[in-house]
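Heads up, the thing below is written out as C-alpha cells.
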Amino acid sequence: MDKSEKIEAYYKKEHPFRDGIALLREIALTTEADEDFKWSIPVYTVNGKNVFGICKFKTHFGVWFFNGVFLKDSEKVLENAQEGKTKGMRHWKFQNLEEVDKKSVLAYMKEALDNQKKGLEIKADRTKKISIPELLQKALEQDTFLKSTFEKFTPYKQKEFCEYIAEAKQERTKLRRLEKILPMIKEGIGLNDAYR
C-alpha cells in the first residue's frame with residue numbers, strides 16, 4: 001500500500017471522529033502543505049519538514065503542531081502534547097465537529113507553515129552527556145563486544161537504553177530490563193526500532 005492509499009484508508013476508516021478529521025483535512029488541503037503519511041497518521045509538510053498532523057483518538061481528534069510552541073495561540077486552545085517529553089509540539093483537541101472553526105484552524109495551520117519557512121523549530125539538545133546507569137556500565141565493562149556494539153549506536157539510541165533502566169524504580173525491575181536489552185545491544189537493535 002503506497003502513501004496515498006494509506007492516507008485515504010486513514011480518513012475513510014469507520015471511526016466516531018471520521019467527519020471531524022475529514023473537515024480538518026479539507027482545511028489542510030487549502031494550504032500550501034504537502035500531504036504525507038508518517039507514524040500512522042497524515043502529516044503535512046513544507047520543504048520536507050513536518051509542520052502538523054491530523055490525528056484521532058478514542059475521546060477526541062485534533063491537529064498536532066510539531067513546532068506549535070512558536071504559535072501565537074491567540075485563542076488559547078493549544079496544549080503541550082506530552083507534558084515534559086516534548087518541548088515544541090502542541091495539540092489542538094476537539095471533542096466534536098461543531099467545535100471546529102474553519103477560519104481559526106486555517107489561521108493556525110498557515111501560521112505554522114510560515115513559522116517553518118522562517119526556520120523556527122526546536123533543535124534537539126545534543127549537548128547533554130549520556131549518564132549510563134551503574135548496572136549497564138558494569139555489563140559494558142565486563143563484555144568488550146557488548147561495549148563496542150553499544151558505542152556504535154547513535155547517542156539518541158544509547159540514551160533510550162540508559163533511560164529505560166534508570167527510570168525503573170525497583171532494583172529487580174532494573175535487572176529484568178537489563179536482561180532484556182543486553183541481547184538487543186549485541187544484535188545492534190535499538191530499544192524502539194520496532195516502532196520506527
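Just so you know, residue 1 is the first one in the sequence shown, and it goes up from there. Side chains included, hydrogens not; waters and symmetry mates left out as well; all remaining heavy atoms used.
Here the CD1-CG distance, from Ile165 to Leu136, works out to 4.5 Å after rounding to the nearest 0.5 Å. Between the CG atom of Leu24 and the CZ atom of Phe17 there is a distance of 11.5 Å, given to the nearest 0.5 Å. Rounded to the nearest 0.5 Å, atoms CD1 (Ile185) and CD (Gln158) are 9.0 Å apart. The NZ atom of Lys174 sits 7.0 Å away from the CG atom of Leu135 when rounded to the nearest 0.5 Å. To the nearest 0.5 Å, atoms CD (Glu5) and CG (Asp2) are separated by 4.0 Å. Residue Ile132 holds its CD1 atom at 5.0 Å from SG of Cys162, rounded to the nearest 0.5 Å.
The side-chain contact (heavy atoms from CB on, under 4.5 Å) check on Arg176 picks up Thr173, with sequence neighbours excluded.
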Q: Starting from the C-alpha separation in whole Å, work towards a yes-or-no answer on salt bridge (Lys or Arg N to Asp or Glu O under 4.0 Å) for Glu8 and Lys3.
A: CA-CA 9 Å; Glu8 292 308 319; Lys3 281 186 183 182; over 6 Å; no
(Q) Let's go through Met89 and Phe65 carefully: what are the C-alpha distance in whole Å and the side-chain angles of both, what is the deciding distance for side chain to side chain contact (heavy atoms under 4.5 Å, CB included) to 0.1 Å, and is it a yes or a no? (A) CA-CA 6 Å; Met89 194 176 278; Phe65 293 97; over 6 Å; no
Q. Do Leu191 and Lys157 pass the side chain to side chain contact (heavy atoms under 4.5 Å, CB included) test, and can you show the C-alpha distance, the side-chain angles, and the key distance before you say yes or no?
A. CA-CA 7 Å; Leu191 183 64; Lys157 289 186 178 187; over 6 Å; no
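Listed here is the closest heavy atom pair of Phe94 and Gly62: CD1-CA, 4.0 Å. Closest of all the heavy-atom pairs between Ala139 and Leu182 is CB-CD2, 4.1 Å. Across every non-hydrogen atom of His91 and Val63, the tightest pair is CD2-O, 3.1 Å. Between Lys72 and Lys76 the shortest heavy-atom distance is O-NZ, 4.4 Å. Contact detail for Asp193 and Ile189: the closest heavy-atom pair is OD2-C, 3.7 Å.
Using a 4.5 Å cut-off on side-chain heavy atoms (C-beta onward), Asn67 and Arg90 make no contact. Side-chain contact between Lys102 and Leu23 is present, with heavy atoms from C-beta onward closer than 4.5 Å. Counting heavy atoms from C-beta outward, Tyr10 and Ile21 have side chains that approach closer than 4.5 Å. The shortest side-chain heavy-atom distance between Lys186 and Phe145 falls under the 4.5 Å cut-off. Side-chain contact between Lys56 and Arg18: absent, with no pair of heavy atoms (C-beta onward) separated by less than 4.5 Å. Residues Glu179 and Leu175 fail the side-chain proximity criterion, which asks for heavy atoms closer than 4.5 Å. Taking the side chain as every heavy atom from C-beta outward, Leu113 and Glu32 approach each other to under 4.5 Å. Between Lys93 and Glu79 there is a side-chain heavy-atom pair separated by less than 4.5 Å.
Ring to ring, Phe161 and Phe153 are close: their centroids are under 6.0 angstrom apart. Aromatic pair Tyr108/Trp92: centroids less than 6.0 angstrom apart.
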N/O donor-acceptor pairs under 3.5 Å from side chains in residues 40-51, not counting sequence neighbours:
residue	atom	partner	partner atom	Å
Tyr44	OH	Tyr11	OH	2.7
Tyr44	OH	Glu35	OE2	2.6
Asn50	OD1	Lys38	NZ	2.6

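Side-chain atoms of Asp143 never come within 3.5 Å of backbone atoms of Lys147 as a donor-acceptor pair (strictly under, hydrogens ignored). A donor-acceptor contact shorter than 3.5 Å links the side chain of Asn96 to the backbone of Glu99.
Linking ILVMFWY residues whenever their side-chain heavy atoms come closer than 4.5 Å, directly or via other members, places Ile7 and Leu29 in the same cluster.
Under a 4.0 Å N-O distance rule, the pair Glu111/Lys118 does not qualify as a salt bridge.
Annotation: cation-pi pair Arg177/Tyr164 present, NZ/CZ under 6.0 Å from the ring centroid and within 45° of its normal.
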